[in-house]
Amino acid sequence: MKEKVKEYIEQFKSATQHLDPADARLKKLDIDFVRKLSHIIEMHPRIKSGKSKYIAEKALLIASALDRGAEEKTDILYGGLLIQLGKINLPAKLLTKPFYSMSIVDKYRYCGHAVDSGVLLQELTQFKGAMTLILHQYEQYNGQGFPDGLFGHDIPLGSRILSVVSDYIAYLNGSMTGKIMYADAALSQLMIRKESHYDPEIVGVFVHMLRGATVDELKDALAKSKQLAVATERWRKGLVVNTRNKSLRPSSTIVEIALPQLKFGMKVDSIYFGSEPYIRNCIADQSIIDNVTALTKTYGKNPIIKIFLGVMA
């Protein structure tokens, strides 16, 4: 199988070496080459068939939801389709052993297939972007990954996307833990490891996508997620938001209410989570109500809400 892959790569290099990189024919040949090469790779008896196509399709949807450009999406598509290329150099025992059961030495050898992919296609410069994404697929969001220990957004976005989708499949089919998982269990593994292994924003988009969200719905969910992240950060730092201040009647009676009683237009004295202030001296609008509701669900804490009795904006 290794020889067949290398032979096909050499045939493609020979057939296209005289074409101008800007030639539209070359771009058509590129995608045909990638698709066929992906198919040849998955003919290997110990490499999961269909995994690359699934990863490419889901990764491309996530990239679309994140409004990435055409060139970057092409790199992500090619990266997904060729994500298993370097595995043709791995011994059979590493292709069949669950990742969690491997020794540290074997884990490094296994992850090394990401490096081997770039070596195999190093002379085909049009795939350099895709090979970079494959190279960094095992980086971790906390900087503890392979091969360069990149941290957070220093990891290429495409690599962060491929990591989430690829590991989800690995949890599903048992190649990560040795046990096949249902979808909810596999997703829970991603949720547990977001912010340590995975970009939390990408995990969030992926979860919504698996629940059937369209690209437009994913974009909307992403916008709301960013709003919640801002609200959460304000709460964690104990910041009081005063941007919506209005003159309130000092003589008004202040009463404490439950979250379901908080309505649009109410004049809020303060909202606290425990001893931490979230917002004070403002008019309740829908964004405030939505953020407080989301924070309540996320942290499992009931807010302390005090309003001016009988006063509406």
Side-chain angles (χ1 to χ4, degrees), residues 1-64 68-91 94-95 108-139 145-148 150 154-163 165-166 169:
M1 183 57 64
K2 185 189 303 186
E3 290 71 26
K4 187 172 183 178
V5 167
K6 291 181 176 179
E7 179 184 356
Y8 181 61
I9 292 172
E10 289 301 320
Q11 288 175 353
F12 179 78
K13 286 195 294 187
S14 177
T16 60
Q17 61 183 336
H18 300 300
L19 289 177
D20 187 320
D23 193 323
R25 290 176 298 168
L26 182 57
K27 293 183 179 180
K28 174 65 168 61
L29 290 171
D30 284 348
I31 184 60
D32 290 344
F33 165 75
V34 170
R35 284 173 175 160
K36 184 172 180 181
L37 181 57
S38 179
H39 176 70
I40 293 173
I41 294 164
E42 293 188 347
M43 289 172 62
H44 191 294
R46 294 180 181 84
I47 292 178
K48 303 291 185 181
S49 178
K51 178 178 179 178
S52 300
K53 183 174 182 291
Y54 181 93
I55 292 172
E57 290 175 348
K58 300 303 183 186
L60 196 56
L61 282 174
I62 294 173
S64 296
R68 311 316 295 180
E71 184 176 347
E72 187 172 6
K73 288 195 287 188
T74 297
D75 286 341
I76 290 170
L77 173 65
Y78 289 172
L81 288 171
L82 298 179
I83 197 167
Q84 302 193 92
L85 174 58
K87 290 182 181 180
I88 63 170
N89 289 333
L90 291 176
L94 291 184
L95 289 172
Y108 271 96
R109 176 68 187 93
Y110 178 83
C111 292
H113 81 79
V115 179
D116 292 343
S117 296
V119 174
L120 288 165
L121 291 182
Q122 61 185 341
E123 295 179 34
L124 296 172
T125 56
Q126 65 266 47
F127 301 118
K128 183 178 179 180
M131 292 303 101
T132 298
L133 302 186
I134 292 174
L135 172 66
H136 294 293
Q137 65 178 290
Y138 293 115
E139 302 284 0
F146 175 93
D148 296 328
L150 300 181
D154 290 338
I155 305 167
L157 175 66
S159 301
R160 284 179 270 143
I161 294 173
L162 293 175
S163 173
V165 183
S166 179
I169 293 296

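Residue numbers count from 1 along this sequence.
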Could you walk me through whether K58 and I161 pass the side-chain contact (heavy atoms from CB on, under 4.5 Å) test, one step at a time? CA-CA 9 Å; K58 300 303 183 186; I161 294 173; over 6 Å; no
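- Two residues are said to be in side-chain contact when any heavy atoms from C-beta on lie closer than 4.5 Å; L121 and L82 meet this criterion.
- Side-chain contact check for M131 versus Y78: every heavy-atom pair is 4.5 Å or farther apart.
- A distance of 13.0 Å separates CE of M43 from CD1 of I88, quoted to the nearest 0.5 Å.
- Checked against the 6.0 Å centroid threshold, Y138 and H113 count as a close aromatic pair.
- For the atom pair OG1 of T16 and CG of L124, the computed distance is 6.5 Å after rounding to the nearest 0.5 Å.
- Checking S52 against Q84 by side-chain atom types alone, a donor-acceptor pair falls below 3.5 Å.
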Start with the C-alpha gap between T74 and E71, add the side-chain angles, then the distance that decides, and say whether side-chain contact (heavy atoms from CB on, under 4.5 Å) holds. CA-CA 5 Å; T74 297; E71 184 176 347; 5.7 Å; no
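- Between the CG atom of L162 and the CD atom of E139 there is a distance of 12.5 Å, given to the nearest 0.5 Å.
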Could you go step by step and tell me if I41 and Y8 meet the side-chain contact (heavy atoms from CB on, under 4.5 Å) rule? CA-CA 11 Å; I41 294 164; Y8 181 61; over 6 Å; no
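- When all heavy atoms are compared, the tightest approach of H136 to P147 is ND1-CD, 4.0 Å.
- Under a 3.5 Å cut-off, the side chain of Q137 and the backbone N or O of I134 do form a donor-acceptor pair.
- Closest of all the heavy-atom pairs between I76 and A59 is CG2-CB, 3.6 Å.
- Here the CD-CG distance, from E72 to L60, works out to 11.0 Å after rounding to the nearest 0.5 Å.
- For an aromatic pair to be called close, the ring centres must be under 6.0 Å apart, and F127 with F33 satisfies this.
- At a threshold of 4.5 Å between non-hydrogen side-chain atoms, the residues P45 and L95 do not count as touching.
- In this structure, D75 and T132 have side chains that are not in contact, with every pair of non-hydrogen atoms separated by 4.5 Å or more.
- Remark: R109 CZ to D116 CG distance equals 6.0 Å, nearest 0.5 Å.
- By the 4.0 Å N-to-carboxylate-O rule, E57 lies close enough to K53 to be salt-bridged with it.
- A salt bridge is absent between K36 and D32: the closest approach of a Lys/Arg side-chain nitrogen to an acidic carboxylate oxygen does not fall below 4.0 angstrom.
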Would L133 and L157 count as a side-chain contact (heavy atoms from CB on, under 4.5 Å) if you check the C-alpha gap in whole Å, the side-chain angles of each, and the deciding distance to 0.1 Å? CA-CA 8 Å; L133 302 186; L157 175 66; over 6 Å; no
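- Between K13 and E123 there is a salt bridge, since a side-chain N of the basic residue sits under 4.0 Å from a carboxylate O of the acidic one.
- Expressed to the nearest 0.5 Å, how far CG of D154 lies from OG of S159 amounts to 12.0 Å.
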